[in-house]
Undergrad: 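Quick one: the structure is below, and I'll ask about it shortly.
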Amino acid sequence: MAKLSILRYPDPRLHTVAKPVTVVDDRIRTLADDMLELMYQADGVGLAATQVDVHERLIVIDTSEGRDDPRVLINPELIARSEEMTFADEGCLSVPAIYDKVQRHAQVTVRALGRDGLPYQFDAEGLLSVCVQHEMDHLMGKVFVEYLSSLKRDRIKTKMLKKTRDEQKS
């Protein structure tokens, strides 16, 4: 597979709604492996296929301390959400160096297919819960900055566009 790169906000492709994966085959497993490699290189804890311009319902996550517990979530769905909410600082590989507080469900239960194509389910809280919800937003074409005020969002958009222009000049 071609070397993957991460789309940067405000790229309109980040707003594409991902389609379900119809078959878990070598192409999907390779994509998951490549996404994990890119996520680790970028020092992230999660990456959605949408962020690498592949619009299929695939997420990779590793919130472990040792960065040695990768999770592959194919066609993930939240089957339960706590009523309790939490505010946590979020960042995004598509919006580098920008962090802000976003409200999320404190706990979620997730059902997905794994890298092997078999269904599994898990409960998530803390960083894992936030990460799952953040990455699932990407699959729906939503970037975390959309939870922020329009003023903050406009400032971030301007900053990202300037950063992209400056990088293209170098």
Side-chain angles (χ1 to χ4, degrees), residues 1-64 67-81 88 90-96 98 102-105 107-148 153 156-157 160-161 164:
M1 172 167 264
K3 183 82 174 129
L4 299 175
S5 60
I6 298 170
L7 298 177
R8 184 178 290 166
Y9 181 79
D11 191 308
R13 294 172 290 181
L14 288 168
H15 300 293
T16 304
V17 175
K19 292 177 173 36
V21 172
T22 53
V23 63
V24 179
D25 56 12
D26 285 343
R27 179 185 68 83
I28 291 296
R29 284 187 282 278
T30 299
L31 176 59
D33 293 346
D34 290 347
M35 286 172 57
L36 280 165
E37 183 179 331
L38 180 59
M39 179 191 75
Y40 288 129
Q41 285 173 355
D43 201 28
V45 294
L47 187 66
T50 301
Q51 293 176 270
V52 295
D53 202 21
V54 176
H55 304 287
E56 294 181 81
R57 294 185 58 78
L58 170 63
I59 293 169
V60 296
I61 292 175
D62 188 347
T63 57
S64 68
R67 313 288 287 142
D68 57 0
D69 186 22
R71 294 175 187 253
V72 174
L73 288 74
I74 300 167
N75 298 332
E77 55 183 319
L78 296 182
I79 58 173
R81 300 166 181 84
E90 288 190 29
C92 181
L93 294 176
S94 291
V95 193
I98 302 292
V102 175
Q103 186 176 25
R104 301 280 186 185
H105 295 278
Q107 298 171 321
V108 295
T109 301
V110 184
R111 181 170 39 219
L113 299 177
R115 189 182 180 284
D116 56 8
L118 298 175
Y120 74 108
Q121 182 174 312
F122 63 95
D123 295 320
E125 59 184 28
L127 178 58
L128 181 57
S129 174
V130 168
C131 188
V132 165
Q133 292 172 79
H134 175 108
E135 299 308 332
M136 287 184 70
D137 275 353
H138 278 300
L139 299 181
M140 297 307 298
K142 189 169 187 173
V143 181
F144 90 98
V145 297
E146 292 172 49
Y147 289 101
L148 308 178
R153 208 170 36 250
I156 291 167
K157 188 179 205 176
M160 291 295 105
L161 289 169
T164 300

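For this chain, numbers begin at 1 and follow the sequence in order.
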Undergrad: Which atoms form the tightest heavy-atom contact between V110 and P76, and what is the distance?
TA: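 Looking at all heavy atoms of both residues, the closest pair is CG1-CB, 4.4 Å.
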Undergrad: Would V21 and L113 count as a side-chain contact (heavy atoms from CB on, under 4.5 Å) if you check the C-alpha gap in whole Å, the side-chain angles of each, and the deciding distance to 0.1 Å?
TA: CA-CA 10 Å; V21 172; L113 299 177; over 6 Å; no
Undergrad: Under 4.5 Å between any side-chain heavy atoms of V132 and L78, yes or no?
TA: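 Sidechains of L78 and V132: in contact.
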Undergrad: How close do C131 and G46 get, counting heavy atoms only, and between which atoms?
TA: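 Scanning both residues, the minimum pair turns out to be SG-CA, 3.9 Å.
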Undergrad: When rounded to the nearest 0.5 angstrom, what is the spacing between CG in L47 and CG in L93?
TA: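 The CG atom of L47 sits 6.0 Å away from the CG atom of L93.
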Undergrad: Locate the shortest heavy-atom distance separating S64 from D69; write the atom from each residue and the value.
TA: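 Closest approach of S64 to D69: OG-N, 3.4 Å.
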Undergrad: Listed by chain and number, what are the side-chain hydrogen bond (donor to acceptor under 3.5 Å, both in side chains) partners of Y40, not counting sequence neighbours?
TA: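 So Y40 forms a side-chain hydrogen bond (donor to acceptor under 3.5 Å, both in side chains) with D62.
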Undergrad: For a quick test of reading the model, state the closest non-hydrogen atom pair linking V45 to R67 and the distance between them.
TA: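 For V45 versus R67, the nearest heavy atoms are CG1-NH1, 3.8 Å.
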Undergrad: Going by an N to O cut-off under 4.0 Å, is there a salt bridge joining E56 and R27?
TA: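 Result for this pair is yes, salt bridge flagged.
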Undergrad: Could you measure the distance from the CD1 atom of I74 to the CZ atom of R115? Nearest 0.5 Å is fine.
TA: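 If we round to the nearest 0.5 Å, I74:CD1 and R115:CZ are 9.0 Å apart.
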Undergrad: Should D34 and V52 be marked as a side-chain contact (heavy atoms from CB on, under 4.5 Å) after you check the CA-CA gap, both sets of side-chain angles, and the distance that decides it?
TA: CA-CA 10 Å; D34 290 347; V52 295; over 6 Å; no
Undergrad: Is there a side-chain contact between M35 and V72 (heavy atoms, below 4.5 Å)?
TA: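 A side-chain contact under 4.5 Å is absent here.
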Undergrad: Enumerate the salt bridge (Lys or Arg N to Asp or Glu O under 4.0 Å) contacts for residues 42-54, please, sequence neighbours excluded, ordered by first and then second residue.
TA: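 Every pair satisfying salt bridge (Lys or Arg N to Asp or Glu O under 4.0 Å) with a residue in residues 42-54: R13-D53.
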Undergrad: Does R111 use its side chain to pair, donor to acceptor, with the backbone of E77 at less than 3.5 Å?
TA: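 Not a single qualifying donor-acceptor pair exists.
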Undergrad: For D26, give me all partners under side-chain hydrogen bond (donor to acceptor under 3.5 Å, both in side chains), at least two apart in sequence or on another chain.
TA: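 For D26 the side-chain hydrogen bond (donor to acceptor under 3.5 Å, both in side chains) partners, ignoring immediate neighbours, are R29.
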Undergrad: If you measure from CE on M39 to CD on Q41, what distance do you get to the nearest 0.5 Å?
TA: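 Interatomic distance, M39 CE to Q41 CD, rounded to 0.5 Å: 11.0 Å.
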Undergrad: Applying ring-ring contact (aromatic ring centres under 6.0 Å, His included), name anything that partners H138, two or more places apart in sequence or on another chain.
TA: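 ring-ring contact (aromatic ring centres under 6.0 Å, His included) list for H138, sorted by chain: H134.
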Undergrad: Report yes if the side chains of L73 and Y120 come closer than 4.5 Å at any heavy-atom pair, otherwise no.
TA: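 SC-SC contact between L73 and Y120 confirmed.
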Undergrad: Looking at C92 and Q51, what are the two nearest heavy atoms and their distance?
TA: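 Taking C92 first and Q51 second, the nearest heavy atoms are SG-NE2, 3.6 Å.
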Undergrad: Can you tell me how far CG of L38 sits from CG of D33, rounded to the nearest 0.5 angstrom?
TA: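 Separation between the atoms: 12.5 Å.
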Undergrad: Checking Q133 side chain against H105 main chain: does a donor-acceptor pair fall under 3.5 Å?
TA: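 Checked: pair present.
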Undergrad: Within this structure, what is the OG1-NZ distance for the pair T50 and K142, rounded to the nearest 0.5 Å?
TA: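 Reported value, rounded in 0.5 Å steps: 14.0 Å.
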Undergrad: Would you call R57 and M136 a side-chain contact if the rule is heavy atoms closer than 4.5 Å?
TA: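 Of all side-chain heavy-atom pairs linking M136 with R57, at least one is under 4.5 Å.
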Undergrad: Are any non-hydrogen side-chain atoms of F122 and L128 less than 4.5 angstrom apart?
TA: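 Yes, their side chains come closer than 4.5 Å.
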Undergrad: Atom CG of L58 and atom CG of L139: how far apart are they, to the nearest 0.5 Å?
TA: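 It comes to 8.0 Å.
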Undergrad: Taking all non-hydrogen atoms of both residues into account, name the closest pair between M160 and P96 and its distance.
TA: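 Looking at all heavy atoms of both residues, the shortest contact is CE-O, 3.6 Å.
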Undergrad: Not counting sequence neighbours, which residues clear side-chain hydrogen bond (donor to acceptor under 3.5 Å, both in side chains) with D137? List them please.
TA: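 Here the qualifying residues are R104, Y147.
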Undergrad: Quick one: list whatever passes side-chain hydrogen bond (donor to acceptor under 3.5 Å, both in side chains) with Q121, sequence neighbours left out.
TA: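 Counting only residues at least two positions away or on another chain, Q121 forms no side-chain hydrogen bond (donor to acceptor under 3.5 Å, both in side chains).
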Undergrad: Please check: side-chain N/O of S94 versus main-chain N/O of L7, any donor-acceptor pairing under 3.5 Å?
TA: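 Answer holds: yes.
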